[in-house]
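The figures here come from the full heavy-atom set of this structure, side chains too, leaving out hydrogens, waters and symmetry mates.
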Protein chains: 2
Amino acid sequence: MNEEQICRQYGEILRKCCIFEGIPESEYAELLEYLRAEVRHFGENESILKIGDTKIPSGIVLSGRAEQLFYSGFVQADETQIGEGDIFGTALVCSEPHESTVKIRTVTECDILFLDMSVFFGQSYPCGSQMRIAANMMRLLACQNIFLDTKLRIYSQRTLRNKVLAYLYSMPSENGIVKLPFNQTKLAQFLGVNRSALSRELGRMVDEGIIKTDGKTIEIIKKAAP
Amino acid sequence: MNEEQICRQYGEILRKCCIFEGIPESEYAELLEYLRAEVRHFGENESILKIGDTKIPSGIVLSGRAEQLFYSGFVQADETQIGEGDIFGTALVCSEPHESTVKIRTVTECDILFLDMSVFFGQSYPCGSQMRIAANMMRLLACQNIFLDTKLRIYSQRTLRNKVLAYLYSMPSENGIVKLPFNQTKLAQFLGVNRSALSRELGRMVDEGIIKTDGKTIEIIKKAAP
DNA sequence: ATTCTTTCGTTGCCGAGGCAACAGATTTGT
DNA sequence: ACAAATCTGTTGCCTCGGCAACGAAAGAAT
């Protein structure tokens, strides 16, 4: 499958993928060549990346669904779903000299567009859209970074109350009012705490006059002492 | 202070900074111009970035020491020290349209080299070393990403035991033997757990035959059931 | 060798919060 | 509008692990 064919068949998906943002579709083919694009088909439950691998692939799911797993079988194996249009392996490309501590495998049948991100680290002198895609990659990585950093700060709070506060302060607010993008069940998952414990703690915080809530929003009344 | 002067006075520090890796010193001046470099002096305890700011500076500490704080005064304010040669604000540049949830301020007197990373997202067509510095940025962001991701996986484990296991499996090992880069006290801090609780749990794990340890290394004997 | 400092093992206490179970409220589908 | 499903509040139980305190070990410094 050459670049032209990929564009024709999957242009729709690429257009929605953040690393192609701001790039005219007419340049896709050239870019795909630059990134040594290659489409491969996978069956159900096939391995894309194994733990310990040092050659890290990165790419975009064109169809089907894959998932990323931490440790094969132990402890709280957290799974990240990778669906159509999602990109994977972006952060791992850097760790090339390291070994992968995650594995990626298909869930359903998949078509996957592999991209060789290592070209950015080579000697080639990219220009125009090639630079643009590099910038998009930077932005993508940076956004993931911010996200992980925020989440880590929440998780590193010792008490449930402080997790809630850390969450609230990391959210955009309009004069102290935070709109919750989740229901309480999802919020508990996001904070990594027990659902009923969250409900209990929110109740206490309301009682103590720290917050007000109507279920959809939370208003921060009192700031903790510095 | 122009680019030439910066190079002469601080070339030493820049050379050790990861974003200049692999770039011949002769090109520093040109690069600094491209990145709109600007050196500013700060007194003790001056603010570099405030919570809520939307214009995010990023740069390198040339002398002195600064720190990054999460929330002014609440809950577990985790502080990150930023010393000579350290770079800050790299991830935040992406979040430009967002508000900063951290603040950065100097601890001692500081000279700071501000770099305008937003040039990567502009229309300019960089080449040569400019691309190289972009690649270095990507690598830096990606490495931070891997680090945060790993740490988050550890933190998201519910039990202390699983945190230990998550840590061990995220470390390079030689046939099951992990060399600890920390003493136990630091390890506890890294895992975000109580020191004596860690000691207690390690003891239990040895008793149960899950690991062996001599204080400097830990050998994983038994893998938990999948 | 001896003193000082840092680290590590151990132990008792106890409180935060995980878990389970249930009932009322809210949302969704038909 | 009614039934089914999902979500939230509440409560009792019990364990994990934080905290404090102490003494032994192990380095460091003199």
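Taking atom CG on B:L198 and atom P on D:dC16, their separation rounds to 16 Å, with Å as the unit. Note: CZ (A:R158) to P (D:dC16) measures 18 Å, nearest angstrom. For the pair A:Q157 CD and D:dG18 P, the interatomic distance rounds to 14 Å; values are reported in whole Å. To the nearest angstrom, P of D:dA25 lies 17 Å from CG of B:D214. In this structure, CZ of A:R200 is placed 12 Å from C1' of C:dA20, rounded to the nearest angstrom. Atom P of nucleotide C:dG12 and atom CG of B:N194 are separated by 16 Å, given to the nearest angstrom. Between B:N162 atom CG and D:dC16 atom P the separation is 12 Å, expressed in whole Å. When the C1' atom of C:dT7 is taken as reference, atom CG of B:L202 falls 14 Å away, rounded to whole Å.
For D:dA26, neither phosphate oxygen OP1 nor OP2 lies less than 4.0 angstrom from any side-chain nitrogen or oxygen of B:K216.
Residue A:S199 is classed as a base contact, given a heavy-atom separation below 4.0 Å to a base. Within the 4.0 angstrom heavy-atom criterion, only backbone atoms of the sugar-phosphate kind lie near B:T159; the bases stay farther away.
Between the axis at the start and the axis at the end of the helix from C:dA1-D:dT30 to C:dT30-D:dA1 there is an angle of 60°, using five pairs per end and rounding to 10 degrees.
Relative to the side chain of B:S196, the nucleotides D:dG17, D:dT11, D:dA21 differ in distance, and D:dA21 lies closest. Ranking C:dC8, D:dG17, D:dG9 by closeness to the A:R195 side chain, first place goes to D:dG9.
Salt bridge present: A:R40 and A:E38 bring a charged side-chain N and a carboxylate O closer than 4.0 Å. A salt bridge links A:R161 with A:E208: the closest approach of a Lys/Arg side-chain nitrogen to an acidic carboxylate oxygen falls below 4.0 angstrom. Ionic pairing of B:E25 and B:R15 is present here: one or more N-O contacts between side-chain nitrogen and carboxylate oxygen are shorter than 4.0 angstrom. Here B:E46 does not pair with B:R105 in a salt bridge; the nearest charged N to carboxylate O distance is not below 4.0 Å.
No donor-acceptor distance shorter than 3.5 angstrom exists from the side chain of A:D149 to the backbone of A:I146, with no hydrogens or angles considered.
Qualifying side chain to side chain contact (heavy atoms under 4.5 Å, CB included) partners for B:I23, counting only residues two or more places apart in sequence or in other chains: B:E27, B:Y28, B:L31, B:S129, B:R132, B:I133, B:N136.
What you find for B:C17 and B:G85 is that their closest heavy atoms are SG-O, 3.8 Å. Between B:K163 and B:Y155, the shortest heavy-atom contact is NZ-O, 3.8 Å.
DNA chain D lies under 4.0 Å from at least one heavy atom of each of the following residues of residues 180-191 of chain A: A:N183, A:Q184, A:T185.
A tilted orientation is assigned to the rings of A:F114 and A:F42, their planes being inclined by 30° to 60°.
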